[in-house]
Protein chains: 2
Amino acid sequence: MSYMRYDSRLSGVLHILLHLAEQNGPMTSEVLARAMETNPVVIRRIMAGLRNQGYVRSEKGHGGGWSLARDLSRITLRDIYTALGSPALLAIGNRTESPDCLVEQAVNTALDRAFHDAEALLLARFGEVTLSMLRAEVHDRLATRGEPYNHDLETVHAS
Amino acid sequence: MSYMRYDSRLSGVLHILLHLAEQNGPMTSEVLARAMETNPVVIRRIMAGLRNQGYVRSEKGHGGGWSLARDLSRITLRDIYTALGSPALLAIGNRTESPDCLVEQAVNTALDRAFHDAEALLLARFGEVTLSMLRAEVHDRLATRGEPYNHDLETVHAS
DNA sequence: TCTCATGTAACTCATGATATTACATGAGAA
DNA sequence: TTCTCATGTAATATCATGAGTTACATGAGA
């Protein structure tokens, strides 16, 4: 498997949650991992965080797996981002935290302003979008295409 | 040396350029590397890019080193960012580029909008700030403090 | 009690950024 | 000319991190 230069967990988790929403029963880490082309343990690790925040449920044993614990209209992208532990948003930053050098202080101040505003913008955008909006968009696209309804994860993500 | 979780080259280079501006003659990679707590070769690699874009000059031999090749008022943070090869700004991104799955398409579209706007904001901010503005800020801070003038890199960055 | 599924610790592996080594090139001083 | 200083750059090594993997424990249902 090739490695990402950036963190794609948010993208991956949203994908999983939307598939769960179109599903009757729970889905196993095994199945989700195949679809996401990763390892079941990785799925469990990520989903464990969401479960602790009350977004999903997990059940052991026969017929067990992962399912949604809350209505999609009450979950924003920002909620999920936070539930993932608020990973770093920016790939660039200052060389040092609180330098003695005045020159460096000036550089840091200028860059920090820009960094802070960009992060605030991202978070604000994330906060405006609920998962139910994304689901609606999926249904719109399906309707536009006029294709038969198929949300089945195994079929869609067949390798 | 401890490692950064993000790219701090922009921050480092700006710092170097502002110190060069307060300097009479050229400064060697050796001296700059000590101040930036890195290796002279790293300095040369980074500065080589800036030289090719016409922002700095390098001279070999006795009395050689790095010096500015353009007025600070004609260099924006964005210029330097670009000269560094426009490194990635965001630390998060989509799992896949152009997925077949409609659900993933919807997720990507939503996230991409936010990502794009945040990047545009950052670049716009970078474009508004010239290095001469930063130098002015340094001088303001010095004046406010009422301290004696000292831009000497070796002194300020004494370990 | 057997199987399935999650829970989690421990470990391995791949990658990319940075650092280091080594040597070539060119400029000025002696 | 020759010595020293400084950049130019290829090749290599190091290190932090994220992701993947293995192994085994726990608990639920058939």
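Heavy atoms only: backbone and side chains are in, while hydrogens, waters and symmetry mates are out. Sequence lines set the chain letters: A, B, ... in the order given, protein chains first and strands last, and positions in each chain run from 1.
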Hunt down the Watson-Crick or G-U wobble partner of dA28(D), both distances under 3.5 Å, from any strand shown, or write none.
dT3(C)
In residues 47-65 of chain B, which ones come under 4.0 Å of DNA chain C, going by heavy atoms?
K60(B), G61(B), H62(B)
Nearest whole Å is fine: how far is dA6(D) C1' from L32(B) CG?
12 Å
Decide whether E22(A) and H139(A) meet the rule of one side-chain donor and one side-chain acceptor closer than 3.5 Å.
yes
Taken to the nearest whole Å, CD/E37(B) to P/dT20(C) is 12 Å
Separation of dA17(C) atom P from L84(B) atom CG, nearest Å, is 13 Å
E104(B) versus T96(B), side-chain donor and acceptor atoms under 3.5 Å
yes
For the side chain of N39(A), counting heavy atoms from C-beta on, which of dT9(D), dG20(D), dT6(C) is nearest?
dG20(D)
Can you tell me the distance, in whole Å, between the CD atom of E30(A) and the P atom of dT22(D)?
13 Å
Under 3.5 Å, is there a donor-acceptor pair between the R141(A) and T109(B) side chains?
yes
Mind calculating the distance between CE (M36(A)) and C1' (dA19(D)) to the nearest angstrom?
16 Å
Looking only at side-chain N and O atoms, does S29(A) come under 4.0 Å of OP1 or OP2 in dA5(C)?
no
Tell me: CE of M27(B) to P of dC5(D), nearest whole Å?
18 Å
Atom OH of Y6(A) and atom P of dG16(C) are separated, to the nearest Å, by 12 Å
Listing time: all N or O pairs from protein to nucleotides 9-11 of chain C that are below 3.5 Å?
| from | atom 1 | to | atom 2 | distance (Å) |
| --- | --- | --- | --- | --- |
| dA10(C) | N6 | R45(A) | NH1 | 3.4 |

Strictly by modelled atom types, are T82(B) and D79(B) linked by a side-chain donor-acceptor pair under 3.5 Å?
no
Which value, rounded to the nearest 0.5 Å, describes the distance between R70(B) atom CZ and Q53(B) atom CD?
9.5 Å
Of L111(A), D117(A), L90(A), which meets side chain to side chain contact (heavy atoms under 4.5 Å, CB included) against L122(B)?
L90(A)
For Q105(B) and D100(B), indicate whether the former's side chain and the latter's backbone hold a donor-acceptor pair under 3.5 Å.
yes
Can you tell me how far P of dT7(D) sits from CD1 of I16(B), to the nearest Å?
12 Å
Under a 3.5 Å distance rule, please check whether Y55(A) uses its side chain to pair with a backbone N or O of A83(A) as donor and acceptor.
no
Quick one: does R95(B)'s side chain have a donor or acceptor within less than 3.5 Å of a partner on M36(A)'s backbone?
yes
At less than 4.0 Å, is any side-chain N or O atom of R44(B) found next to OP1 or OP2 of dG8(D)? Yes or no.
no
